[in-house]
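The first residue of the sequence shown is numbered 1, and numbering continues consecutively from there.
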Amino acid sequence: MSLRAAAAYVWAAPCTAVGLALAALAYLAGARARRVAGVVEVALWPGGQPGPLARRLPFTAITFGHTVIALTWQEQHRLRAHEREHVRQYERWGIVFFAAYPLSSLWQMLRGRHYYWDNWFEVQARAAERLGWPPRRP
């Protein structure tokens, strides 16, 4: 691991710790985890059949540092490129991301735009999603 990669892990570590704490609670309820390319991926319903609670969750997948929590393994796979961009955002912003993301949403709402679809971080993640995973090199 390069020094730069190690620094990115350390910088995002407080956020990753939040994700791992949530993953540990989910694991007790039947979720499963695996490590893919340095990121802990968690499937809340590893069997692929989300329960009724899934309809009430405000996300299909959510990222905390180097931890991605998704409803199922299929959603992990489908959203990998998008969520990996959020991992890179945590590596750049560190714990400040916890404030920057909602502030971006607030800024969009104040401008009369959509808090999620126009959030700068989501726009960037959707652009990465179009490129796919792993990222294609030009």
Tell me whether [Y] is reachable from [X] by hopping between hydrophobic residues (I, L, V, M, F, W, Y) whose side-chain heavy atoms are closer than 4.5 Å.
X: V96; Y: Y101; answer: yes
X: Y27; Y: L22; answer: no
X: Y116; Y: L71; answer: yes
X: I95; Y: F97; answer: yes
X: W93; Y: W107; answer: no

Inset, instruction - Return the set of residues passing side-chain hydrogen bond (donor to acceptor under 3.5 Å, both in side chains) with T63 (not counting sequence neighbours), or none when no residue passes. - result: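 Counting only residues at least two positions away or on another chain, T63 forms a side-chain hydrogen bond (donor to acceptor under 3.5 Å, both in side chains) with E83.
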
Legend entry - Results of side-chain hydrogen bond (donor to acceptor under 3.5 Å, both in side chains) for E91 - residues two or more places apart only: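 By the side-chain hydrogen bond (donor to acceptor under 3.5 Å, both in side chains) rule, E91 matches H66.
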
Could you tell me the separation between the [atom1] atom of [X] and the [atom2] atom of [Y], rounded to the nearest 0.5 Å?
X: L110; Y: Y115; atom1: CG; atom2: OH; result: 15.0 Å
X: H114; Y: M109; atom1: NE2; atom2: CE; result: 9.5 Å
X: I62; Y: T67; atom1: CD1; atom2: OG1; result: 11.5 Å
X: D118; Y: Q108; atom1: CG; atom2: CD; result: 5.0 Å
X: L103; Y: F121; atom1: CG; atom2: CZ; result: 9.0 Å
X: L106; Y: R111; atom1: CG; atom2: CZ; result: 12.0 Å

Inset, instruction - Please identify each residue that fulfils salt bridge (charged side-chain N to carboxylate O under 4.0 Å, His left out) with E122, with sequence neighbours left out. - result: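 Partners of E122 under the salt bridge (charged side-chain N to carboxylate O under 4.0 Å, His left out) test: none.
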
Could you tell me which non-hydrogen atom of [X] sits nearest to which non-hydrogen atom of [Y], and how far apart they are?
X: A125; Y: E85; value: CA-CG, 3.6 Å
X: T72; Y: P50; value: CG2-CG, 3.7 Å
X: A61; Y: L79; value: CB-CD1, 3.7 Å
X: C15; Y: G94; value: SG-O, 3.6 Å
X: E129; Y: A81; value: CA-CB, 3.9 Å
X: N119; Y: S105; value: ND2-OG, 2.8 Å

Surrounding [atom1] of [X] (heavy atoms of other residues, nucleotides or ligands, distance under 6.0 Å), is the total greater than 12?
X: W73; atom1: CH2; result: yes
X: F59; atom1: CZ; result: yes
X: W120; atom1: CH2; result: yes

Legend entry - Under 3.5 Å side-chain donor-acceptor pair for Q89 and H86: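 Distance-only check passes for Q89 and H86.
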
Inset, instruction - Each residue besides V87 in its hydrophobic cluster should be listed here, by chain and number; the cluster joins Ile, Leu, Val, Met, Phe, Trp and Tyr at side-chain heavy-atom distances under 4.5 Å. - result: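 V87 clusters with V39, V68.
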
Quick one: side chains of residues 2-9, donor-acceptor pairs under 3.5 Å with protein atoms, not counting sequence neighbours, listed by atom name and distance.
from : atom 1 : to  : atom 2 : distance (Å)
S2   : OG     : A5  : N      : 3.0
Y9   : OH     : G38 : O      : 2.8

Legend entry - NZ/NE/NH1/NH2 to OD/OE distance under 4.0 Å, E75 and R78: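 So E75 pairs with R78 through a salt bridge.
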
Legend entry - Listed once per pair and sorted, the side chain to side chain donor-acceptor pair (under 3.5 Å) pairs that draw on residues 28-37, sequence neighbours left out: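 The answer is R34-E41.
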
Inset, instruction - Walk me through it: do R80 and V36 pass the test side chain to side chain contact (heavy atoms under 4.5 Å, CB included)? - result: CA-CA 10 Å; R80 187 164 286 134; V36 176; 4.3 Å; yes

